[in-house]
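First the proteins, then the strands, lettered A, B, ... as listed; each starts at 1.
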Amino acid sequence: MTFFEEVYEMCKKIPKGKVATYGQIAFLIGKPRCARQVGWALSSCPDPKNIPWHRVLNRFGKLHQSDVLGNMHIQRDLLKEEGISFIDDFTIDLKYYLWEGL
DNA sequence: ACGGTGACGAGAT
DNA sequence: TATCTCGCCACCG
């Protein structure tokens, strides 16, 4: 089980309608200082159909920085479909939607 | 093996 | 939660 795989497995545990932060995912898999690698893992997401990568945001509830291929918009739309409302086009209210963990 | 890379985070300003 | 800096460390060639 590589670090990447652990990230993907953890993402699958995030309940629908909730979100997690990169740092939180890193913490939950026992690598609290690997938030950056979590983001990287999701950027190379091998199976977008089965991995809820869109439920992972940065610590402010903002969507990821890079918008190559329009992924920010895709992520926003996916989250809206799960009933999550946005403060602005790419920000949600973490205190309401943040996943509590396991 | 080694170093560049990066969807991050915390602290300073 | 504005902007900058720096530490972080798995992955890949």
[X] near the nucleic acid: base, sugar-phosphate alone, or nothing, with a heavy-atom cut-off under 4.0 Å?
X	answer
R33(A)	sugar-phosphate
S44(A)	nothing
K62(A)	nothing

What nucleotide among [options] has an atom nearest to a side-chain atom of [X]?
X	options	value
F60(A)	dG6(B), dT1(C), dA10(B)	dT1(C)
H64(A)	dC11(C), dG9(B), dA7(B)	dA7(B)
R59(A)	dC11(C), dA10(B), dC8(B)	dA10(B)
N58(A)	dC11(C), dA7(B), dG9(B)	dG9(B)
F3(A)	dA7(B), dC11(C), dC9(C)	dC11(C)

Please report the distance, rounded to the nearest Å, between [atom1] in [X] and [atom2] in [N].
X	N	atom1	atom2	answer
L79(A)	dA7(B)	CG	P	19 Å
M10(A)	dC8(B)	CE	P	19 Å
I92(A)	dA7(B)	CD1	P	20 Å
F27(A)	dC8(C)	CZ	P	18 Å
I51(A)	dA7(B)	CD1	P	18 Å
N71(A)	dG6(B)	CG	C1'	15 Å

Check: Aromatic rings F90(A) and H73(A): how do their planes relate, parallel, tilted or perpendicular, breaks at 30° and 60°?
Finding: perpendicular
Next item on the list: Please say which of H64(A), R36(A), R59(A) ends up in a side-chain contact (heavy atoms from CB on, under 4.5 Å) with Y22(A).
Entry: H64(A)
Notebook entry, point to check: On DNA chain B, nearest-nucleotide positions of W40(A) versus Q24(A): which is more 5'?
Noted result: W40(A)
Note to self: Using only modelled atom types and a 3.5 angstrom limit, is any donor from either the side chain of R36(A) or the base of dA10(C) paired with an acceptor on the other?
What the structure shows: no
Next item on the list: Sticking with atom C1', work out how far dA7(B) lies from dG13(C), rounded to a whole angstrom.
Entry: 22 Å
Item checked: Short side-chain N/O contact to dC8(B) OP1/OP2 from T21(A), under 4.0 Å -> no
